[in-house]
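Worksheet: one structure, shown below.
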Amino acid sequence: MSSEDPLNASPNDAVKRSRYTHRQLHLLRQGSTATPLRAIAHIDLDAFYAQCEMVRLGLPRDTPLAVRQWESLIAVNYAARPFGITRMITAAEARKACPNIVLQHVATFREGEGGRWAYRDDSFKNIKTDKVSLDPYRAESRKILKTIKDELDRWCTNEPDGEAHCFTQGLSAGLEKASIDEVFIDLSPLVYSVLLQRYPELRPSLQDENRDAGLPPPPTTAVPWDPEDFLVELDLHEREEDDPDWDDMVMLVGAEIVRAVRRAVWDELKYTCSAGLARNKMLAKLGSACNKPDKQTVVRNRAVQHFLGGYKFTQIRMLGGKLGDQITSLFGTEQVSDLLSVPLEQLRTKLDDHTASWLYGIIRGDDRSEVNPRTQIKSMLSAKSFRPSINSVGQAEKWLRIFAADIYGRLVEDGVLENRRRPRVITLHHRTAQSRSRQIPIPASNAVDENLLFELAKTLMRQVITDGQAWPCSNLSLSVSSFEEGVSKNKAIEGFLLRGDQAKSLSHGSRPRDPNAAASEQLPPEKKRKTDDNGIKRFFAQPPHTDSPVVDEESAQPQPDPDPISAAQRSPPEVHGSAMPYYTCGRCSRSIAELESEEHDDWHFAKDLELQERQEARDVQHQSRPTNSSSSSRGTGTRGRGGRGGRGKPERGQMRLAFQ
DNA sequence: GTATAATCG
DNA sequence: GGCGATTATAC
């Protein structure tokens, strides 16, 4: 073991600096996609539909169960898998392999029973009249998402005693709903704040003029990993005995948060999930599948090469289909390790430039895709396959009626009645020998109801028939898309955008080489800055999620996704000329061109410094408490302190005070 | 905007 | 394979 106290000056300090810089560390705070210190989690519910049925039926965990859809299985729980039950076998085969298995059929709509789905014990015999409903799973998915979000919010506002409030101000973790049973979480801003709380030596200081200088090393020689965490083995040339660097500490904190999230999902809803934690989405997603069920896997930076080298690249997102096949035949291998020895130039001779450089990066673990803070659905589809095919308008219209009812029910859940969101386009897909689709706008003048959807669907059906070969039809589906936000919300957002523009002109007026301008922009009239902060907090402090209770107060409604288009419009025009990359700053939700990332980062850095100085001044004034960076896991003394009068959330009030 | 394909769970 | 959802691409 080396020195226990690396902060003490010693001749060796120079060689023991972290290989990461202040700049890389502080990029974490904004959700920048460029820093190697990023912490991205992927959470995947284990055999989700099967778990939903286990929970709904109140069955013990060791009961073998599969979810049935007609004669197929669409989900198999872990208790059933040792019997050889997979999604690829039929219900009859499953029963034979495991006589005690519960084969629960999905809920269905039934012709002539209105728009209500139900669990029916004879649904598998009624493929002719029933249509599958996945609503029960959507509902559970929403609950789980809310639990995850609430737990993350707890971490965002969980402040230890003492002076570190400013590091959690306005914090939020980006949550991207990737599918009904998967989410990505950008833990970076959260991890950043925890690190700064626990390791004061990382905090921005006036001495750190050179932000490209290495950070001090972590004050430890061995990372205290939780025994429950699965660590991917290090690359061949790396050793566990080597001192950790800050990327390891980032993963340690990230793993703690993910564990807490998973525990919350279990404690509150009794669902198990698996998680992957890594520096980007691709690695996190591969990681979450490594140890299932109910486990989490950490892919440290120093393990990435070893980790990826063992994969077929067809396992990597986007390479599972035709592109992957094409690459396989072009290079005669499916192994990542084989492709690693192909130089970029050679990739370019066989693939278009964009694909070549993307591929070159992705197999080396380089994935800069953002966690898109989006939890709302973008389209809704209701479909039915016909075996045998159907042959008449009359038959088709029976299904259109059910599709309309299905979609309408989901729109109600989504808030059409309250005018929160409504779709602008309706589409009918139709399959005979080939696939066709037609779409039309949903008239903005009408209230969206079941009957309107049905009438529009019939109109589309007539068009399809007029177009050409409509029969025999083997598949029909109706979908709605292009959602728009309700009126009240738009007003509120316009209000914010105005303030956002003011803030923007302030922000972009500063150049890093003009400290005076930067400083003066920190000190506009207090009142105005407060307005801006409230605006941002009000609109973006909480990631949106679909099933938050509707609060009637206009300003308290759940938020839409930050619209990338309008976000782009808030940025300077030169940003949008071509494919200029930009990202949404995690701290202020402004759209920032990547070229201006550093400048914007500097602006936040300066602002952080100012905040911290103010806080320190306040602490001195108030006889500051001991500034231990004592561990701050959930529930350790963060509730209202006696001195504060026991308000519900004293931290919030405190934070605001710090800015006034 | 409209239509279709590709990819994923 | 059935049912859904998202994104990219071409026009």
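Residue numbers start from 1 in every chain, and the chains themselves are labelled A, B, ... in the order their sequence lines are given, proteins ahead of strands. Note: hydrogens, waters and symmetry copies are ignored here, and every other heavy atom, side chains too, is used. This one's a predicted model, so the numbers in the text were calculated from it and none came from an experiment.
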Pairwise 5' ranking along DNA chain C for A/Ala178 and A/Arg387, keeping only the more 5' one: A/Arg387
Scan nucleotides 2-6 of chain B against the protein and return all N/O pairs shorter than 3.5 Å with their distances rounded to 0.1 Å.
unit_1: B/dA3; atom_1: OP1; unit_2: A/Arg438; atom_2: NE; d: 3.1
unit_1: B/dA3; atom_1: OP2; unit_2: A/Gln439; atom_2: N; d: 2.7
unit_1: B/dT4; atom_1: OP1; unit_2: A/Arg436; atom_2: NH1; d: 3.0
unit_1: B/dT4; atom_1: OP2; unit_2: A/Ser437; atom_2: N; d: 2.5
unit_1: B/dT4; atom_1: OP2; unit_2: A/Ser437; atom_2: O; d: 3.1
unit_1: B/dT4; atom_1: OP2; unit_2: A/Ser437; atom_2: OG; d: 3.2
unit_1: B/dA6; atom_1: OP2; unit_2: A/Lys322; atom_2: NZ; d: 3.3

Those residues that, when tested against [X], pass salt bridge (Lys or Arg N to Asp or Glu O under 4.0 Å) (two or more places apart):
X	result
A/Arg364	none
A/Asp121	none
A/Glu397	none
A/Arg81	none

Can you name the ring-ring contact (aromatic ring centres under 6.0 Å, His included) partners of A/Tyr49, sequence neighbours left out? A/Tyr137
Holding to ring-ring contact (aromatic ring centres under 6.0 Å, His included), I want the full list of residues that pass it with A/His429, two or more places apart in sequence or in another chain. none
Got a sec, which residues hit side-chain contact (heavy atoms from CB on, under 4.5 Å) with A/Pro443, two or more places apart in sequence or on another chain? A/Ser445, A/Asn446, A/Leu456
Could you check whether A/Leu319 gets within reach of a base, just the sugar-phosphate, or nothing at all, counting any heavy atom under 4.0 Å? sugar-phosphate
Please classify the nucleic acid contact of A/Arg424 as base, sugar-phosphate, or nothing, using heavy-atom distances under 4.0 Å. nothing
Interface limits on DNA chain C, where chain A has a heavy atom under 4.0 Å of a nucleotide atom: C/dG1 to C/dT7
Interface residues of residues 120-127 of chain A with DNA chain B (non-hydrogen, below 4.0 angstrom): none
Within residues 275-285 of chain A, those residues having any heavy atom closer than 4.0 Å to DNA chain C are none
Provide the full list of ring-ring contact (aromatic ring centres under 6.0 Å, His included) pairs with a residue in residues 364-406 of chain A, sequence neighbours left out, each pair given once. A/Phe386-A/Trp399
